[in-house]
Q: 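My structure is below; once you've seen it, I'll send some questions.
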Amino acid sequence: MKISFNPLYYIKPDKGRAIIMAAQLGRNTELHINETFETIIHPLHAMILSFFNGRELEDVIHDIQINIGIDESLLKHFVRDLLNCNTYLRVRCNGSFSVFPPNTLITGAYNREKMLSWRNYIYETVDLGMRRHYTPSSITLMVNNICYTQCHYCYADKRQKVSCTIPFERIKEIIQEASSLHVRTFDVIGGEFFLYDKWYELLKVLHANNFHPYLSTKLPLHETTVTKLKNAGIQDIQVSLDSLIGGHLATSLFVDESYASKIQKTILLLDKYKIPIYIHTVLSQRTGSIEDIKSIYNFIKDIPSIKEWKIDKAGKSMYANTPYEDIEIPDEGVENIAMFIDSIKDDVAFPIRAPRPKVANQLAENMKAEDFFTRGLCSGNYSSMFILPDGKVTMCEELYWIPKFIIGNIKEQSLTEIWNSQKALSLFNTKQEDIPASSLCHSCSDFLKCRSVKQVCYKEIIKQYGQDKWYLPDVNCPYTNMKSK
Ligand code: SF4
Ligand code: SF4
């Protein structure tokens with residue numbers, strides 16, 4: 001029987017422990033659990049799992065015995081527990097517990113791109129506690145904030161145009177360092193990625209280091225570009241498509257009326273070269289009608305390379321020129337779109353993810369204390385970092401150049417230096433006495449329960465209260481309704 005470690009997962013060595021996480025971000029249509037999950041396992045378990053690369057079970061067990069000397073019956077028992085198990089599983093190991101996600105081991109021979117040798121998990125001490133990742137696991141490089149479109153709902157900080165000023169040689173070094181640190185994903189974004197003059201070279205360096213970034217574009221691509229992408233071996237691409245009604249796009253993206261046919265041609269070219277396409281639609285008042293959604297649906301429904309259609313509401317931005325009430329699509333509009341999607345979703349071969357307004361509102365408005373304290377982890381400065389086009393590194397994309405959240409500069413520091421810098425560590429371990437007394441957090445008796453490891457969402461706090469109010473409680477804090485801030 002051939003057995004594989006699930007190719008949808010990646011095991012990151014993390015000093016004294018290993019972390020199982022989604023192998024990729026943003027394109028996990030086959031992953032049936034939240035892609036932001038992570039489970040911590042004993043490094044010995046990671047060593048064992050690293051042998052499961054689709055070979056016959058007997059061969060794998062033989063190799064494990066030779067290299068790390070584990071008893072055959074114990075190994076068979078371990079495999080029996082994990083194989084095709086469809087729930088999370090806790091397994092004891094040397095006095096600690098490892099937690100495995102569903103289907104950690106599956107029957108069959110599957111390729112894993114980021115397959116580390118068992119030697120990468122050799123350990124001196126074991127620490128399976130919840131803590132900040134020892135090295136970053138996800139890195140995003142923003143190559144510019146220059147776009148082909150001028151979306152009226154834009155969330156990005158575009159107050160100044162910024163091109164990439166990081167020397168290309170330095171970018172190469174950073175990618176190589178990321179590879180040596182076993183960083184899980186190294187993504188690239190703009191603005192518009194394809195308006196970065198070295199996009200192709202960058203892609204080649206990333207691929208050479210086994211990183212397959214999730215590319216996203218709003219730029220109509222020529223056939224020469226699509227063939228270059230194909231030859232470079234890209235796995236897929238996201239195309240942003242809010243409507244195919246030319247007049248609506250003209251008022252929403254400030255493009256001319258030919259844009260709709262040009263972007264259609266791009267999608268057909270990608271399909272011609274069999275490049276899997278993720279369609280991403282942003283709903284705003286200018287392109288949020290049923291007609292807009294139908295225009296997209298009628299075009300993409302029979303295109304074989306469409307992998308997924310994801311529809312999101314335009315979010316509130318702290319940088320937008322347009323007030324959010326002139327951008328946000330009303331709940332009724334979202335409801336209508338959800339109903340339309342429900343009526344057609346079984347007619348297409350790809351999944352469609354559309355927003356559900358009532359559920360979202362209930363969560364935001366009625367978050368109870370127990371939900372708040374068991375909320376998900378924020379990955380910023382916990383497992384991920386974001387490199388701005390000028391080399392500065394911030395903890396989170398939407399915080400851009402706000403000085404409080406800048407943790408270093410890759411023009412002057414290595415990734416390791418930035419990750420372990422005083423700025424990064426003190427931001428992550430914000431002390432209660434450093435919170436101004438005007439904030440509830442300053443005297444909150446649940447400070448540690450709330451903020452150790454998890455952090456508050458600074459992005460949402462700043463969106464709601466302003467850039468200088470980072471120290472106020474999380475927007476979902478259950479205590480803010482009880483006392484005045
Ligand atoms: S939403 Fe994206 S593509 Fe549109 S202007 Fe902003 S950064 Fe550019
Ligand atoms: S956000 Fe502040 S006030 Fe609310 S629980 Fe956390 S530490 Fe306490």
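Being a predicted model, the structure only gives us computed values, none of them experimental. Each ligand, and each atom within it, is numbered from 1 in the order the structure gives.
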Q: Please determine whether a side-chain nitrogen of the Lys or Arg among K204 and E201 lies less than 4.0 Å from a carboxylate oxygen of the Asp or Glu.
A: no

Q: Tell me the protein N, O or S atoms under 2.8 Å from atom 4 (Fe) of ligand 2, in chain and number order.
A: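 The answer is C477 SG.
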
Q: So does E38 pair up with K12, basic N to acidic O under 4.0 Å?
A: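 No, this pair does not count.
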
Q: Kindly say whether I245 contributes a backbone atom to a donor-acceptor pair with the side chain of D292 at under 3.5 angstrom?
A: no

Q: Provide the full list of salt bridge (charged side-chain N to carboxylate O under 4.0 Å, His left out) pairs with a residue in residues 20-29, sequence neighbours left out, each pair given once.
A: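 Found R27-D236.
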
Q: If we check side chain to side chain donor-acceptor pair (under 3.5 Å) with E328, which of these qualifies: K313, K316, Q285?
A: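 For E328, the side chain to side chain donor-acceptor pair (under 3.5 Å) check succeeds only for K313.
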
Q: Between L25 and Y214, what is the shortest heavy-atom contact and its length?
A: O-CD2, 3.9 Å

Q: What are the protein N, O or S atoms, given as residue plus atom name, that sit under 2.8 Å from atom 8 (Fe) of ligand 1?
A: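 Checking every protein N, O and S atom gives C147 SG.
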
Q: Report, as yes or no, whether the 6.0 Å neighbourhood of atom NZ on K392 holds more than 12 heavy atoms from other residues, nucleotides or ligands.
A: no

Q: Quick one: list whatever passes ring pair (Phe, Tyr, Trp, His ring centres under 6.0 Å) with H207, sequence neighbours left out.
A: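 Ring pair (Phe, Tyr, Trp, His ring centres under 6.0 Å) list for H207, sorted by chain: H212.
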
Q: Do Q455 side-chain atoms and L377 backbone N/O form a donor-acceptor pair below 3.5 Å?
A: no

